[in-house]
A.B. asks: 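Sharing a structure here in structure tokens format.
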Amino acid sequence: MVNFLIFGPPGSGKGTQSVKLAEKFNLTHLSTGDMLRAEISAGTDLGKKMSSIMSKGELVPDEVVIEMIAARIDSTKGSSGFLFDGFPRTVAQTEALERMLNVRKMKIDSMLVLDVDHDELVKRLILRAEQSGRPDDKDPAVIENRIDVYKAKTEPIIEYCRQRGIYQPVNGMGTIDDIFDRLSRQIKKQL
Ligand code: B4P
């Protein structure tokens, strides 16, 4: 199994690209954002608790997402590897993921980081708000908070992965197809 992180600020296209990459390379796509939104739509107790945190653009507690991911890793069979989307988002989550993979004789093989300009991120998220109605996309102040939270809590993972030699920056500007080609080239090198 070859395991990838797809990484980048909110609106960088992680979710958009992950769906296409998972299909092309037979990877299991695990998105903590999608899992949390599924809990909210299903009206579970967990979803109710997480909904107010997410609508402010804050991160949900590490233990919530770590538990969700562990359950999915163990129930997955028959794929070529995992594509972790939006997870990890803190160094503590990264260390937890490494431990989970290590005990299962796996590792994080590559971290693909989408680089996108700040103004482009805001533009994409405002446009998505019109289409999806996601509460965390509607308010420009919440979008800015998500970008600030990314810089403070999530971006330090880049240095952590750089030291492990798995950091691979990818230009995330341009059309969805152009970015997909760039990411596909990086993934092919690892498979
Ligand atoms: P996520 O679901 O991970 O969402 P995201 O970071 O906002 O978006 P993504 O980068 O996937 O953007 P997308 O492809 O959709 O997180 C949501 C929230 O969940 C977080 O704020 C947090 O509260 C919580 N959460 C999730 N995981 C967590 C964790 N591990 N720990 C703690 N909390 C967690 O692209 C955005 C838009 O741009 C789309 O409309 C798309 O169509 C468009 N787009 C994409 N590529 C484009 C391109 N090349 N050109 C033009 N538009 C493009």
Side-chain angles (χ1 to χ4, degrees), residues 1-42 46-47 50 54 59-116 150 153-172 176-177 179-191:
M1 302 259 280
V2 184
N3 303 310
F4 299 89
L5 307 185
I6 187 155
F7 201 87
S12 56
K14 303 182 293 286
T16 305
Q17 296 294 337
S18 294
V19 172
K20 290 161 68 73
L21 293 167
E23 192 187 353
K24 179 166 176 172
F25 295 105
N26 184 35
L27 297 168
T28 299
H29 173 208
L30 296 183
S31 158
T32 40
D34 287 351
M35 291 175 205
L36 290 163
R37 282 186 290 277
E39 294 283 338
I40 294 171
S41 326
L46 180 69
M50 297 308 122
M54 291 169 71
L59 296 181
V60 310
D62 286 340
E63 55 276 17
V64 169
V65 284
I66 289 167
E67 208 170 296
M68 283 176 158
I69 288 283
R72 297 298 179 99
I73 289 179
D74 285 332
S75 63
T76 297
K77 287 190 179 64
S79 77
S80 306
F82 290 102
L83 180 59
F84 295 99
D85 161 14
F87 177 90
R89 260 178 158 94
T90 61
V91 172
Q93 291 180 22
T94 316
E95 289 167 345
L97 177 62
E98 282 187 317
R99 282 195 297 275
M100 275 186 250
L101 294 175
N102 286 344
V103 294
R104 293 165 179 85
K105 306 266 183 296
M106 293 187 281
K107 61 183 190 336
I108 305 168
D109 293 282
S110 173
M111 176 206 219
L112 303 161
V113 182
L114 291 167
D115 286 327
V116 178
Y150 170 80
K153 296 189 176 162
T154 306
E155 220 168 41
I157 303 171
I158 293 182
E159 189 48 38
Y160 183 92
C161 288
R162 201 199 299 266
Q163 285 173 14
R164 280 161 171 64
I166 57 172
Y167 163 68
Q168 292 185 304
V170 175
N171 178 359
I176 289 171
D177 286 346
I179 300 161
F180 179 63
D181 288 344
R182 289 176 206 138
L183 288 163
S184 295
R185 278 198 294 276
Q186 293 294 337
I187 289 182
K188 271 187 201 146
K189 284 187 206 161
Q190 306 279 329
L191 292 176

A.B. asks: Is there a side-chain contact between T32 and V60, using heavy atoms and a 4.5 Å cut-off?
C.D. replies: no
A.B. asks: Measuring only between side-chain heavy atoms, which start at C-beta, is I73 closer than 4.5 Å to F84?
C.D. replies: yes
A.B. asks: Counting only heavy atoms from other residues, nucleotides and ligands, does the tally under 6.0 Å from CD of E67 exceed 12?
C.D. replies: no
A.B. asks: Is V170 close to L114 at the side-chain level, that is, under 4.5 Å between some pair of heavy atoms?
C.D. replies: yes
A.B. asks: Of all residues at least two apart in sequence or in a different chain, which pass the ring-ring contact (aromatic ring centres under 6.0 Å, His included) check with F4?
C.D. replies: none
A.B. asks: My understanding is that only residues two or more places apart in sequence, or in another chain, count here; which of them pass salt bridge (charged side-chain N to carboxylate O under 4.0 Å, His left out) with E63?
C.D. replies: none
A.B. asks: Decide side-chain contact (heavy atoms from CB on, under 4.5 Å) for N26 and S79; before the verdict, give the C-alpha distance in whole Å, the side-chain angles of both, and the deciding distance to 0.1 Å.
C.D. replies: CA-CA 6 Å; N26 184 35; S79 77; 4.3 Å; yes
A.B. asks: Between D62 and Q93, is there a donor-acceptor pair closer than 3.5 Å when you use the side chain of the first and the backbone of the second?
C.D. replies: no
A.B. asks: Are I157 and P88 side-chain neighbours, meaning at least one heavy-atom pair lies under 4.5 Å?
C.D. replies: yes
A.B. asks: Shortest non-hydrogen contact from A96 to I66?
C.D. replies: CB-CD1, 3.5 Å
A.B. asks: Ignoring hydrogens, what is the shortest heavy-atom contact between R37 and D34? Give both atom names and the distance.
C.D. replies: NH2-OD1, 2.9 Å
A.B. asks: Please tell me if the side chains of L112 and I187 come closer than 4.5 Å, counting only heavy atoms from C-beta onward.
C.D. replies: yes
A.B. asks: Where the side chain of K14 meets the backbone of P9, is there a donor-acceptor pair that is under 3.5 Å apart?
C.D. replies: yes
A.B. asks: Identify the two heavy atoms, one from L27 and one from S80, that lie closest to each other, and give their separation to 0.1 Å.
C.D. replies: CD2-C, 4.2 Å
A.B. asks: Using modelled atom types only, decide if a donor and an acceptor are shared between the side chain of R72 and the backbone of M68 within a distance under 3.5 Å.
C.D. replies: no
A.B. asks: Test side-chain contact (heavy atoms from CB on, under 4.5 Å) on I176 and K20 and set out the steps.
C.D. replies: CA-CA 10 Å; I176 289 171; K20 290 161 68 73; 4.0 Å; yes
A.B. asks: Got L5 and F87 here, is their nearest side-chain heavy-atom distance under 4.5 Å?
C.D. replies: no
A.B. asks: Determine whether M111 and I158 make a side-chain contact, defined as any pair of heavy atoms from C-beta on separated by less than 4.5 Å.
C.D. replies: yes
A.B. asks: Between P61 and M50, what is the shortest heavy-atom contact and its length?
C.D. replies: CD-SD, 3.9 Å
A.B. asks: Counting only N and O atoms by type, is there a donor-acceptor contact under 3.5 Å from the side chain of D109 to the main-chain atoms of N3?
C.D. replies: yes
A.B. asks: Measure the NE2-OG1 distance between H29 and T76 for me, rounded to the nearest 0.5 Å.
C.D. replies: 12.0 Å
A.B. asks: Between V19 and E23, is the side-chain contact (heavy atoms from CB on, under 4.5 Å) condition met? List the steps.
C.D. replies: CA-CA 6 Å; V19 172; E23 192 187 353; 5.8 Å; no
A.B. asks: Should we say atom NZ of K107 is surrounded by more than 12 heavy atoms from elsewhere, each under 6.0 Å from it?
C.D. replies: no
A.B. asks: Tell me, which pairs form a side-chain hydrogen bond (donor to acceptor under 3.5 Å, both in side chains) where one or both residues lie in residues 181-191, sequence neighbours left out?
C.D. replies: Q168-Q186
A.B. asks: Look up atom NZ in K24 and atom CD in Q17, then write down how far apart they are to the nearest 0.5 Å.
C.D. replies: 11.0 Å
A.B. asks: Heavy-atom count around E159 CD within 6.0 Å, excluding the residue itself: above 12?
C.D. replies: yes
A.B. asks: Measure from NZ or CZ of R164 to the centre of the six-membered ring of Y160 and say whether it is under 6.0 Å with the direction within 45° of the ring axis.
C.D. replies: yes
A.B. asks: Rounded to the nearest 0.5 Å, what separates atom CG in L97 from atom CG in N102?
C.D. replies: 9.0 Å
A.B. asks: Could you give me the CA-CA distance, side-chain angles and deciding distance for M35 and V65, then say whether side-chain contact (heavy atoms from CB on, under 4.5 Å) is met?
C.D. replies: CA-CA 9 Å; M35 291 175 205; V65 284; over 6 Å; no
A.B. asks: How many angstroms lie between CG in L59 and OG1 in T90, if you round to the nearest 0.5 Å?
C.D. replies: 7.5 Å
A.B. asks: To the nearest 0.5 Å, tell me how far I6 CD1 sits from L183 CG.
C.D. replies: 5.0 Å
A.B. asks: Are the side chains of V64 and L36 in touch, meaning some heavy atoms are under 4.5 Å apart?
C.D. replies: yes
